[in-house]
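Okay, so here's the structure we're looking at.
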Amino acid sequence: MNAEAKNVNCTKNIVEITDFNAPQLDVYARITEGQLLNRHEPEKGIFIAESPRVIERALNYGCVPISILIETRQIERQKDVIGRCGNIPVYTAEFDVLTQLTGFKLTRGMLCAMYRPASKTVSEICAGARRLAVLERVVNPTNVGAVFRSAAALGVDGVLLTPTCSNPLYRRAIRVSMGTVFQIPWAFFTEEQEIKLLQNLGFRTAALALNEDALNIDDLKLKREEKLAIVLGTEGDGLAVETIASCDYTVRIPMANGVDSLNVAAASAVAFWQLV
């Protein structure tokens, strides 16, 4: 048999995994991000939280755990986090089995499958916010995660994403964000006129672009805006021309030494520090 069930402290269902091909590992090792997201039935969608700190942040947000996968020697060390997850299956294996999972060495010995939380609306994110980040066509989950981490660290109130952006609950985005995707409220736009919607909700919009006639990011009129949405574009092409045209401001980060631009994650950190 691939799995042997046993009980620890009579409260947890500990299942020892000895074979990487055990079906209990499917959700962690063989189901794609698209399948986990479950676009047709989003209420049944799942995400994977990696590391005890990220799992705790997801639990604090109210996410519901389904199962845990943990390195055997970590069980005692992480008993408090396991205890918070309730009476769910806790799959455990030795390190050499788990390292067959891509990236497991980066997880600090613990994964948790959880149900995706209910989606928020753009209006909910905007309510009471003063500074927002808007991501347009940012398809790299590493960059999405990094933007969230900067947003959390530098005081951004919420993040809005166009439909073609990578989902913040993709596994790599969660990992790179260090779980801050559960601390900063976010939502996807469902309408085509994203900028117009924000303006109707009382926000001035600032597009980060390399236009020569753009304002420098340290221009005081930007800092004085009561409600400002900072719009950042995809890694390669930047913002769409029509997006820049529809924004209230076009803003640039001055460059030196012949560097033409920053990666969107780095640019977001500079923008948030200056404008928040």
Margin query: Tell me the closest heavy-atom pair linking I14 and I75, and the distance in Å.
Written below: CG2-CD1, 4.5 Å

Item checked: Shortest non-hydrogen separation from M114 to A58 and the atoms involved -> SD-CB, 3.5 Å

Notebook entry, point to check: If you look at every heavy atom in T205 and S246, which pair is closest and at what distance?
Noted result: OG1-O, 4.3 Å

Check: Should the heavy atoms of other residues, nucleotides or ligands under 6.0 Å from CZ of R116 be counted, would the total exceed 12?
Finding: yes

Checklist line | Approximate separation, where rounding is to 0.5 Å, of E194 CD and Q199 CD | finding: 11.5 Å

Next item on the list: Mind listing the closest non-hydrogen atom pair of F188 and P163 along with its distance?
Entry: CD2-CA, 4.0 Å

Which pairs would a plain distance check flag for residues 264-276, meaning a side-chain donor or acceptor within less than 3.5 Å of a matching protein atom at least two apart in sequence or in another chain?
{"unit_1": "S268", "atom_1": "OG", "unit_2": "A265", "atom_2": "O", "d": "2.7"}

Check: So among T234, T162, T243, which one has a side chain to side chain donor-acceptor pair (under 3.5 Å) with E136?
Finding: T243

Note to self: Donor-acceptor check, side chain of D219 to backbone of K221, threshold 3.5 angstrom: yes or no?
What the structure shows: yes

Margin query: Tell me whether E124 contacts the main-chain N or O of T121 through its side chain, where contact means a donor paired with an acceptor under 3.5 Å.
Written below: yes

Note to self: So does T142 get a backbone contact from the side chain of R175, meaning a donor-acceptor N/O pair under 3.5 Å?
What the structure shows: no

Notebook entry, point to check: Is there side-chain contact between E16 and T72, with heavy atoms separated by less than 4.5 Å?
Noted result: no

Margin query: Are the side chains of L169 and W186 in contact, using a 4.5 Å heavy-atom criterion?
Written below: yes

Note to self: If you define the side chain from C-beta out and look only at heavy atoms, does anything of V138 sit under 4.5 Å from V147?
What the structure shows: no

Check: F182 vs F47 aromatic rings, parallel, tilted or perpendicular, using cut-offs 30° and 60°?
Finding: tilted

Check: Are Y170 and L36 side-chain neighbours, meaning at least one heavy-atom pair lies under 4.5 Å?
Finding: no

Check: Is F189 close to L198 at the side-chain level, that is, under 4.5 Å between some pair of heavy atoms?
Finding: yes

Item checked: Which atom of I230 lies closest to which atom of L208, heavy atoms considered -> CG2-CD1, 3.7 Å

Check: Taking a hydrophobic cluster as the set of Ile, Leu, Val, Met, Phe, Trp and Tyr residues connected by side-chain heavy atoms closer than 4.5 Å, whether directly or through intermediates, do L232 and Y249 fall within one such cluster?
Finding: yes

Check: Would L111 end up clustered with F20 when hydrophobic side chains under 4.5 Å apart are linked, directly or stepwise?
Finding: yes

Next item on the list: Return the minimal non-hydrogen interatomic distance between V176 and R149, and the atom names on each side.
Entry: O-CD, 3.7 Å

Item checked: Inter- and intrachain pairs under salt bridge (Lys or Arg N to Asp or Glu O under 4.0 Å), touching residues 238-254, at least two apart -> R204-D248

Check: Are V181 and I184 connected in the hydrophobic side-chain network, where two residues link if heavy atoms are under 4.5 Å apart?
Finding: yes

Notebook entry, point to check: Which is it for Q35 and I46 under the side-chain contact (heavy atoms from CB on, under 4.5 Å) test, yes or no, and what are the steps along the way?
Noted result: CA-CA 9 Å; Q35 290 171 321; I46 295 171; over 6 Å; no

Check: Do K196 and N200 have side chains that get closer than 4.5 Å, going by heavy atoms?
Finding: yes

Margin query: Rounded at 0.5 Å granularity, tell me how far OG1 in T92 sits from CZ in R73.
Written below: 11.0 Å

Notebook entry, point to check: Rounded to the nearest 0.5 Å, what separation is found between the SG atom of C112 and the CD1 atom of I66?
Noted result: 8.0 Å

Notebook entry, point to check: What pairs of residues pass the side-chain hydrogen bond (donor to acceptor under 3.5 Å, both in side chains) test when at least one of them lies in residues 54-67, not counting sequence neighbours?
Noted result: Y28-S67, N60-R84

Next item on the list: For the residue pair Q183 and T180, confirm or rule out a side-chain donor-acceptor distance under 3.5 Å.
Entry: no

Check: When rounded to the nearest 0.5 angstrom, what distance separates OG in S166 from CG in L161?
Finding: 9.0 Å

Notebook entry, point to check: When rounded to the nearest 0.5 angstrom, what distance separates CG in L239 from CG in L135?
Noted result: 10.0 Å

Next item on the list: Take D213 and T250 through the side-chain contact (heavy atoms from CB on, under 4.5 Å) test and state the conclusion after the steps.
Entry: CA-CA 8 Å; D213 59 348; T250 304; 5.5 Å; no

Note to self: Apply side-chain contact (heavy atoms from CB on, under 4.5 Å) to residues I48 and I174 and explain how you reach the verdict.
What the structure shows: CA-CA 8 Å; I48 306 297; I174 297 172; over 6 Å; no

Next item on the list: Consider only side-chain heavy atoms of I, L, V, M, F, W and Y, link residues closer than 4.5 Å, and tell whether V251 and I244 are in one cluster.
Entry: no

Note to self: Counting C-beta onward and ignoring hydrogens, is there a side-chain heavy-atom pair between L210 and S261 closer than 4.5 Å?
What the structure shows: yes

Notebook entry, point to check: Does R131 offer a backbone N or O that forms a donor-acceptor pair with the side chain of D157 under 3.5 Å?
Noted result: yes

Notebook entry, point to check: Is there a path of hydrophobic side-chain contacts, each under 4.5 Å between heavy atoms of I, L, V, M, F, W or Y residues, that connects V134 with L228?
Noted result: no

Margin query: Looking at C126, is its backbone amide N or carbonyl O close enough to the side chain of K227 to form a donor-acceptor pair, meaning the two atoms are under 3.5 Å apart?
Written below: no

Notebook entry, point to check: Run the side-chain contact (heavy atoms from CB on, under 4.5 Å) check on I70 and Q78 step by step: do they pass?
Noted result: CA-CA 9 Å; I70 186 169; Q78 303 301 339; 4.0 Å; yes

Next item on the list: Find the distance between CD (E76) and CD1 (I82) and round it off to the nearest 0.5 Å.
Entry: 9.0 Å

